[in-house]
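Beneath this line is the structure, given in structure tokens, with notes to follow.
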Amino acid sequence: MSTPDFMKAVGLKAYLPISDENSLIDISLPVPTPKERDLLVRVEAVSVNPVDAKVRSPKSKIEEHYRVLGWDAVGTVVALGNKVESFKVGDEVYYAGDITRAGSNSEFQLIDERIVGHKPKSLSNPEAAALPLTAITASEGLFEQLGISEQNSAGKTLLIIGGAGGVGSIAIQLAKQIKGLTIIATASRTESAEWCRALGADAVINHQQDLVQEFRTLGKRFADYIFCLNTTAKHWQAMCELIAPQSIICSIVEPEALVDLNLLKSKSAHFVWEFMFTRSMYQTADMIEQQKILNEIANLIDAGKIKTSLNNTLSPINAENLRTAHAAIEKGNTIGKIVLSGW
């Protein structure tokens, strides 16, 4: 199939409330041309993440040209840059994208091969589209930032704050691959608690209650690792009290207020960020690690060791359905992932 000159896309120029029909609009754009290590991918399914709603949130800035959002995609490679090494035309791929470039809410997208993986063979396009951003975030957070491993984590306890969301859904499953690691997730509703247990959490506590008290009713004093996926500032004091001496807290959520790092001093405890876009944003020397992560996730999926976190699919990919998905994300209580499929 030949590549057209123009493509459907969903974009914005003004940053408006999602209730405004102009917050995301259907547009037509030229199909881009791949260079060097770029793949040109025909996009077949995308998912929506909190970062989409955050970037789109109301502000005074007006874009001169349409901005296309979207940081999860599944598709087929239709053209290659002249330095591509790992893919060929016709390959089915999935990826989480690069926040400094045009996003996945378009029929065709350019993406650096180093942050692209081969799509899991056993999944449909929507099932696979639910995975990349959350899987990379969960993997980097657990294994790189927190340092969890088969060699040093048996007999230890991981606390995941916000277990039922997109990242939490994958983090529980990835952590479950570590033998002897106890996984305690937090959830505030019956259905989200059940979701966490079904994915492999050993216990679920309520983060809307006194988190320290909830944790210690399990007979544990400290967590060896804390992965915060929900309202860092709100849970900061509890996390500092629950983290074990000489251990690590990792968060993906910017604090809504200042937090006091002095609370960690007496424990010689560490705080570290996980930001999935760091490698692509700064073109780090180890950028290809994200390709490796995505290929490993695909292997785990195809081996039946973990499963997709897809929970809702909308079709087609258009402005109306993207506004619906953004509105759901902004409510802050989604379980699993929302995916849009087909044009």
Side-chain angles (χ1 to χ4, degrees), residues 4 6-12 15-29 31-32 39-57 66-78 92-99 101-111 116-117 119-120 123-137 165-167 169-170 276 294 301 307-343:
F6 289 88
M7 62 182 180
K8 295 178 182 178
V10 177
L12 61 81
Y15 295 84
L16 303 168
I18 198 60
S19 56
D20 190 316
E21 64 179 13
N22 292 314
S23 59
L24 293 168
I25 59 177
D26 294 306
I27 57 176
S28 178
L29 294 173
V31 174
L39 310 176
L40 179 64
V41 176
R42 180 186 295 112
V43 175
E44 287 148 9
V46 301
S47 76
V48 181
N49 295 281
V51 66
D52 297 66
K54 180 179 178 181
V55 171
R56 196 224 73 253
S57 63
Y66 282 108
R67 182 175 186 183
V68 176
L69 308 181
W71 292 285
D72 260 333
V74 167
T76 304
V77 177
V78 297
E92 293 184 301
V93 296
Y94 76 144
Y95 52 88
D98 178 344
I99 202 166
R101 305 182 72 177
S104 58
N105 296 335
S106 57
E107 282 187 283
F108 296 88
Q109 183 185 11
L110 292 181
I111 189 75
V116 176
K119 170 183 170 277
L123 295 187
S124 67
N125 289 334
E127 288 170 333
L131 288 167
L133 187 147
T134 55
I136 293 172
T137 301
V167 177
S169 297
I170 300 300
M276 191 222 71
L294 288 170
I301 288 281
K307 60 184 180 180
T308 181
S309 55
L310 172 65
N311 199 31
N312 187 19
T313 304
L314 304 174
S315 185
I317 305 168
N318 62 18
E320 181 181 4
N321 281 332
L322 278 167
R323 290 195 298 269
T324 297
H326 276 237
I329 291 290
E330 287 185 352
K331 289 181 181 178
N333 59 0
T334 54
I335 298 175
K337 293 294 294 293
I338 302 171
V339 169
L340 283 76
S341 180
W343 291 93

Using side-chain heavy atoms (C-beta onward) and a distance below 4.5 Å, is Trp71 in contact with Ile99? yes
Among Ile25, Leu24, Asp52, find the one that has a side chain to side chain contact (heavy atoms under 4.5 Å, CB included) with Leu322. Leu24
For residues Val43 and Phe108, determine if any side-chain heavy atom of one lies less than 4.5 Å from a side-chain heavy atom of the other. no
Is there side-chain contact between Leu340 and Pro316, with heavy atoms separated by less than 4.5 Å? no
Can you measure from NE2 (His326) to OG (Ser19) and round to the nearest 0.5 angstrom? 13.5 Å
Any chance you could measure Lys8, atom NZ, to Ile27, atom CD1, to the nearest 0.5 Å? 13.0 Å
Does Asp26 reach the main-chain N or O of Ala319 with its side chain, forming a donor-acceptor pair under 3.5 Å? yes
Closest heavy-atom pair, Pro132 versus Ala128, reported as atoms and distance to 0.1 Å, is CD-O, 3.3 Å
Using atom types as modelled and distance alone, determine if a side-chain donor or acceptor of Asp72 lies under 3.5 Å from a backbone N or O of Leu133. yes
Partners passing side-chain hydrogen bond (donor to acceptor under 3.5 Å, both in side chains) against Thr76 (at least two apart in sequence or in another chain): Glu44
By side chain to side chain contact (heavy atoms under 4.5 Å, CB included), Ala328 pairs with (sequence neighbours left out) Thr334, Ile338
Using modelled atom types and a 3.5 Å cut-off, is there a donor and acceptor pairing between side-chain atoms of Ser341 and backbone atoms of Ser315? no
Which distance, rounded to the nearest 0.5 Å, do you find between the OG of Ser47 and the CD of Glu127? 13.0 Å
Are the side chains of Val93 and Val77 in contact, using a 4.5 Å heavy-atom criterion? yes
How long is the gap from CD1 on Ile335 to CG on Asn311, to the nearest 0.5 Å? 6.5 Å
Between Ala96 and Ile136, which heavy-atom pair has the shortest distance, and what is it? CB-CD1, 4.1 Å
When you compare the side chain of Asn49 with that of Ile329, does any pair of heavy atoms fall below 4.5 Å? no
Does Ala102 offer a backbone N or O that forms a donor-acceptor pair with the side chain of Arg67 under 3.5 Å? no
Decide, yes or no, whether a salt bridge links Lys54 with Glu330 under the criterion of side-chain N to carboxylate O below 4.0 Å. no
Taking the side chain as every heavy atom from C-beta outward, state whether Leu314 and Thr324 have any atom pair closer than 4.5 Å. yes
Report the C-alpha distance between Ile301 and Leu131 in whole Å, list the side-chain angles of each, state the deciding distance to 0.1 Å, and finish with yes or no for side chain to side chain contact (heavy atoms under 4.5 Å, CB included). CA-CA 10 Å; Ile301 288 281; Leu131 288 167; 4.0 Å; yes
From Arg42, Met7, Glu107, residue fulfilling side chain to side chain contact (heavy atoms under 4.5 Å, CB included) relative to Trp343: Glu107
Short side-chain to backbone donor-acceptor contact, Tyr95 and Gly75, under 3.5 Å: no
If the condition is side-chain hydrogen bond (donor to acceptor under 3.5 Å, both in side chains), which residues does Glu92 pass it with, not counting sequence neighbours? none
By side chain to side chain contact (heavy atoms under 4.5 Å, CB included), which residues pair with Ala130, not counting sequence neighbours? Thr308, Ser309, Leu310, Lys337, Val339
Any donor-acceptor pair under 3.5 Å linking the side-chain atoms of Ser106 with those of Gln109? no
Pairing residues for Tyr66 by the side-chain hydrogen bond (donor to acceptor under 3.5 Å, both in side chains) criterion, not counting sequence neighbours: none
Does a side-chain heavy-atom distance below 4.5 Å link Ser23 with Leu12? no
Which residues pass the side-chain hydrogen bond (donor to acceptor under 3.5 Å, both in side chains) test with Asp98, sequence neighbours left out? Thr100
What's the spacing between Leu123 CG and Asn125 CG if we round to 0.5 Å? 9.5 Å
